[in-house]
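Below is one structure, written out as structure tokens, with a few remarks after it.
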2 protein chains.
Amino acid sequence: MSEAANRRQATFVSAEEVARLAGVSRSAVSRAFTPGASISVETRQRVEAAAAQLGYHVNHLARGLMRHESGIVCLVVADIHTPYLSRLLDYLSRALQEAGKAVMVLNAGRATKNVEAALRQTLNYRADATIVLSGTPYRSIARQCLESGQRLILINRDDHFEQTVGISVDHAKAAQTAAMLIRRGGYRRPALVSSGIGTPSLNARRDHFLEALRMADLTAQVWEGGPTAYQSGFQAGTELMTLPEPPDAVFAVTDLLACGVMDAVRQRFNKRVPDDIGVIGFDDIDQASWSSYDLTTFSQPVEAITAYTVRMVEQKSAEIQASSRTFEAPLIWRSSLRATLP
Amino acid sequence: MSEAANRRQATFVSAEEVARLAGVSRSAVSRAFTPGASISVETRQRVEAAAAQLGYHVNHLARGLMRHESGIVCLVVADIHTPYLSRLLDYLSRALQEAGKAVMVLNAGRATKNVEAALRQTLNYRADATIVLSGTPYRSIARQCLESGQRLILINRDDHFEQTVGISVDHAKAAQTAAMLIRRGGYRRPALVSSGIGTPSLNARRDHFLEALRMADLTAQVWEGGPTAYQSGFQAGTELMTLPEPPDAVFAVTDLLACGVMDAVRQRFNKRVPDDIGVIGFDDIDQASWSSYDLTTFSQPVEAITAYTVRMVEQKSAEIQASSRTFEAPLIWRSSLRATLP
DNA sequence: CTTCGATTTGCACGCGTGTGCAAGAATGCT
DNA sequence: AGCATTCTTGCACACGCGTGCAAATCGAAG
């Protein structure tokens, strides 16, 4: 079987050649690989045999050209190496594949310029849908995506667009829960830790947390700075503990930050969690369940987000509509926060 | 500018329309977007203006069809959510983008069946190159990739293929260094911890470590089981410490395993690292530098691997040759291992 | 003004596929 | 057997682009 394939060198085999070998027309070959097409079982088998023998694979570039549907879904993302985003990417890519889509990843750093380039590539490859996990697209290019008939899905980007599917998490409820738990734990001097990157999601968690505290006549220290990473949390913990009135509880808007805070507090200041200081995070990354941290946090509803995203990608383009869906982030109770008043 | 675009609905604009608006032939449009093509500055400007006005973007599907070069590079990968692989993916995708390639991610779980499906997709989209980060491709499909003129690059897959570019890490040297450091630290009862997944890389680290110890007349406990994850390490640590003669040093073939071991040893058995037990890992994931662990480990040469991979992707297909390149994983000295005899 | 070379332009073809249309084959029914 | 109906099949066109080739344009030298 390999002799025929070996003779040809460094080139793909076309439907034409398969047709010749099978003794049918090229249309028959095309139909053999198109589900639901009208073709007899006998010719289909002959085509498949010939295709297998020659090592034929339908050219999706040409198919996409004809069908006006490339089968490609673009994922615009930054900070892939981050625990939460890499998990989301894992789920999304797998689910999209199972739905028959090919996943193109556009790594778009922080700069808006890169996001623009990514959106352009999305258009170049005629992607069926574009999913933006981070970075805010220019309105002009976003509109081009929509006008070209692409579905545009924004995950965790609370800034709203027209004609766009928005998927988000109920930050308000989580933040209020965090504030409530801190009060119930008997903590008196809460603090909020966030990064200097003003992501809409992070800002929402911060604002709702502070607001909920204010309702209960409490004010919180606010520390914001650096990237959304462990090191920023470590620095936050260090600086907060050297204040004249150090906090006794911290809501970190991200688990990575929370881990940093915990390490600083325990190792640089010998404080105990949750007795001396309570910590609560957000995302439920793998490390939150590691026994060094055992962090009380809110779980990103990754499965729900993924399932809903795939549904939105699959629906016919005629019925795309602006929509906005919010999922709840359930509390994961662990040991980094005292449950009741001391 | 948007009126024209608004009138059309849900469809892409073609070079034809741009040509009409600019008052030139379609060839001119094509040449305007082809670097190095023969075209006067004046017409180029008129084309670019018209293109911008209509929101034209070259169709890379059609271009790929013509050029026999899709500009797509496929990354076959599993366990994306893992710290090491997500970092590698981050670097690779960014570097490939900068080289003008579009990155298609094929999330191929563990099953070989999925890897086969991934390779098939690679062929369907006529990818210029395929990079396999995990999973072993069937020889038959791998051969088809090569016969079709694709470059096939295997990273950290020590199983060798003909006509393939292999990129790997010097596991032997690292493992020998680990053994040496453990001896020099005055540890007497070393152990090796690995997962139950017999990846070539992991096996190589294990075998060279044991071999190096044997040269020094030492034998090691070997614990292998579970996936390559924190929990497996935690379990390993727990079980090793309940042995009649528990080890006093552990080489974990992965940082994730090492973190698990450290947590088990410290929190379940109140042992101190590195005094009671020395730990050394591999990969230098982010968590290794977290102050809870401060893990001595070997750094995956991600930058070097990335740069070399891009070089291999870019070279003309005429000169693809089987080759095999190995990079060193430098030791990152931290505090989880005693430096000198006690 | 003529001639020649260099540059630019348009025409037409090909890349590999899907699909409407009409013709042909097969089947069922009277 | 004759006719109606359903299935198959092949032809031809379209998808959007790159590019060789020849015609056209331009500038400069004679």
Side-chain angles (χ1 to χ4, degrees), chain A residues 8 10-48 50-51 54-72 102 123-128 148-149, chain B residues 8 10-48 50-51 54-72 102 123-128 148-149:
Chain A
R8 243 178 312 89
T11 181
F12 283 90
V13 26
S14 72
E16 180 76 40
E17 311 177 40
V18 177
R20 205 154 34 218
L21 177 60
V24 297
S25 78
R26 199 186 50 69
S27 321
V29 178
S30 180
R31 286 191 245 265
F33 289 96
T34 303
S38 164
I39 188 175
S40 71
V41 273
E42 190 208 6
T43 42
R44 151 164 284 139
Q45 284 174 353
R46 281 173 56 188
V47 168
E48 283 174 349
L54 292 179
Y56 170 72
H57 296 262
V58 179
N59 186 332
H60 277 41
L61 302 180
R63 168 179 279 183
L65 204 53
M66 271 302 304
R67 288 202 183 152
H68 292 282
E69 197 180 278
S70 62
I72 296 176
L123 291 169
N124 279 332
Y125 280 98
R126 302 300 193 255
D128 299 340
S148 307
Chain B
R8 244 177 313 87
T11 181
F12 283 89
V13 25
S14 71
E16 179 75 42
E17 311 176 40
V18 176
R20 206 153 35 216
L21 177 61
V24 297
S25 78
R26 200 186 49 68
S27 321
V29 179
S30 180
R31 287 191 244 266
F33 290 96
T34 304
S38 164
I39 188 174
S40 71
V41 273
E42 190 208 5
T43 42
R44 149 165 285 141
Q45 284 173 353
R46 282 173 56 189
V47 168
E48 283 174 350
L54 294 179
Y56 169 73
H57 296 262
V58 180
N59 187 332
H60 277 41
L61 302 180
R63 169 178 278 184
L65 206 53
M66 271 301 303
R67 288 199 182 155
H68 291 284
E69 196 180 279
S70 62
I72 296 176
L123 292 169
N124 279 332
Y125 281 97
R126 302 301 193 255
D128 298 341
S148 307

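Residue side chain Ser27(A) reaches the base of dC11(D) through a donor-acceptor N/O pair under 3.5 Å, judged by distance alone. Side-chain atoms of Arg126(A) and base atoms of dG16(D) include no donor and acceptor less than 3.5 Å apart.
Distance His57(A) NE2 to dT17(C) P: 12 Å, rounded to the nearest Å. Atom CZ of Arg46(A) is separated from atom P of dT8(D) by 15 Å (rounded to the nearest Å). Separating the CD atom of Glu42(B) from the C1' atom of dC26(D) is a distance of 13 Å, rounded to the nearest angstrom. Whole-Å rounding puts the Asn59(A) CG to dG14(C) C1' distance at 14 Å. Summarising the geometry, the separation between CD on Gln45(A) and C1' on dT8(D) is reported as 15 Å, rounded to the nearest angstrom. One can place CG of Asn124(B) at 15 Å from P of dG16(C), the figure rounded to the nearest angstrom. When rounded to the nearest whole Å, the span between CG of Leu61(B) and P of dT17(C) equals 14 Å. Distance, Arg20(B) CZ to dG10(C) P: 15 Å, rounded to whole Å.
Proximity of Arg126(B) to His57(A): side-chain heavy atoms (C-beta onward) are separated by under 4.5 Å at one or more points. The side-chain heavy atoms of Leu54(A) and Arg20(A), taken from C-beta on, include no pair separated by under 4.5 Å. In this structure, the side chains of His60(A) and Ile72(B) stay at 4.5 Å or more apart for every pair of heavy atoms.
Residue Tyr125(B) places none of its side-chain N or O atoms closer than 4.0 Å to OP1 or OP2 of dG16(C). The side chain of Arg63(B) contributes no N or O atom lying less than 4.0 Å from OP1 or OP2 of dC17(D). At the phosphate of dT8(D), neither OP1 nor OP2 sits under 4.0 Å from any side-chain N or O atom of Thr43(A). Residue Ser25(B) has no polar side-chain atom (N or O) positioned under 4.0 Å from OP1 or OP2 of dT9(C). Distances shorter than 4.0 Å separate some side-chain N or O of Ser30(B) from OP1 or OP2 on dG18(D).
Heavy-atom minimum distance, Ala102(B) versus Tyr125(A): CB-CE1, 3.7 Å. Leu123(A) approaches Ser148(A) most closely through the heavy-atom pair CD2-OG, 4.0 Å. Taking every heavy atom of both residues into account, Arg44(A) and Arg31(A) meet most closely at NH2-O, 3.8 Å.
Among the atoms of the strands shown, none is found under 4.0 Å from any heavy atom of Phe33(B). Using a 4.0 Å heavy-atom distance criterion, His68(A) is classed as a sugar-phosphate-only contact.
Of the candidates dG18(C), dC13(C), dC7(D), the closest approach to any side-chain atom of Met66(A) belongs to dG18(C). The side chain of Ser40(A) sits closest to dT9(D) out of dC17(D), dT9(D), dT9(C). Listed nucleotides dG18(D), dT17(C), dT9(C) differ in distance to Arg67(B); the shortest reach to its side chain belongs to dG18(D). Closest to the Arg31(B) side chain, of the nucleotides dC11(C), dG16(D), dG18(C), is dC11(C).
In this structure, Leu65(B) and Thr34(B) both approach DNA chain D, and ranking their closest nucleotides by distance from the 5' end singles out Leu65(B). A residue-by-residue look at Ser38(B) and Arg26(A) shows that Ser38(B) has its nearest nucleotide of DNA chain C further toward the 5' end.
In this structure, OG1 on Thr34(A) lies 5.5 Å from CZ on Arg63(A), to the nearest 0.5 angstrom.
In this structure, the side chain of Arg26(A) does not engage the main chain of Ala15(A) through any donor-acceptor pair within 3.5 Å.
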Write down the protein N/O and nucleotide N/O pairs, taken from nucleotides 24-28 of chain C, whose separation is under 3.5 Å; answer none if there are no such pairs.
none

